[in-house]
Amino acid sequence: MQLILFGPPGVGKGTQAKLLSMTMSIPHISTGDLLREAVTAETELGKKAKAVMSSGQLVSDDIMIEIIRSVLGSEKCSQGFILDGFPRTVPQAEALTNVMNELHKSLDAVIDMKIDEQIVIDRLSRRLSCRSCGRIYNLSVDQLVDSNRCPNCNGELVHRNDDTPETVRKRLHIYTLSTEPVREFYRAKGLIKTVDASGTVEQVNKDICNALGTPA
Ligand code: AMP
């Protein structure tokens, strides 16, 4: 299955993509994670992306399209994939159509995850992620014995440096301006399936699987 999880920062795309990736045995492709790995490894890409990301802006379409072209063409995506964080602009969506055509593949669905903006701001201010395994936690929901250590792998739990209230507001503004038009792009293709993302992780996972007609 070739799937896109679509929605604002903090809606839970990463959390849901990880669950779907396990049940469907297809890779979770997060462009944000790929960029953060490049920043940590201090590659040329990482050096270019670092300041842009920490200010809450978008990395250029050219760079993002090249990343996606190379990942989707790789062996690990041959049986399908779940995209999280891409496409974020209409030119990226158009480029994805071209890449999929070149690969003789087509998208199955775009899950449009809906949520109230205030819930997003709240969630992001309490979000922690593990430096080692990438699991995401929320201090309001998850009972952590030690808020510095991952219960899964004992890795270090950190707040993302773009989750500050000011940067979150900027990311939401950019989402409205540049990313929301992508929904209409896919609606016109009949691919949008809307899911209420304000419930628990389990409920949202169930609703996504129902929308896709796959077992949870
Ligand atoms: P995310 O983890 O998806 O919230 O992404 C974190 C940051 O990475 C974003 O705020 C952007 O700066 C950058 N980024 C991730 N995906 C894209 C994309 N498709 N287009 C442009 N910038 C991106």
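Start at 1 and go down the list; that is how both ligands and their atoms are numbered.
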Engineer: For I121, enumerate each residue passing the side-chain contact (heavy atoms from CB on, under 4.5 Å) test, keeping only those at least two apart in sequence or located in another chain.
Structural biologist: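 If we apply the side-chain contact (heavy atoms from CB on, under 4.5 Å) test to I121, skipping adjacent residues, the hits are E117, Q118, V168, L172.
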Engineer: Any donor and acceptor pair, going by atom type alone, linking the side chain of K48 with main-chain N or O of T43 inside 3.5 Å?
Structural biologist: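 Answer holds: no.
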Engineer: Could you tell me the separation between the NZ atom of K50 and the CD atom of E42, rounded to the nearest 0.5 Å?
Structural biologist: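 Answer rounded to 0.5 Å: 6.5 Å.
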Engineer: With sequence neighbours excluded, what pairs up with S54 under the side-chain contact (heavy atoms from CB on, under 4.5 Å) test?
Structural biologist: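 With neighbours one apart ignored, the set is N161.
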Engineer: As a quick check of understanding, evaluate side chain to side chain donor-acceptor pair (under 3.5 Å) for S140 and N138, giving each step before the final call.
Structural biologist: CA-CA 5 Å; S140 331; N138 188 294; 2.9 Å; yes
Engineer: Can you list, by chain and residue number, every protein residue with a non-hydrogen atom closer than 4.0 Å to ligand 1?
Structural biologist: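 Only T31, G32, L35, R36, M53, Q57, L58, V59, M64, G85, F86, R88, Q92, R160, D162, R171 have heavy atoms that fall under 4.0 Å of ligand 1, ordered by chain and number.
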Engineer: According to side-chain hydrogen bond (donor to acceptor under 3.5 Å, both in side chains), who are the partners of E180, at least two apart in sequence or on a separate chain?
Structural biologist: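 Here no residue qualifies.
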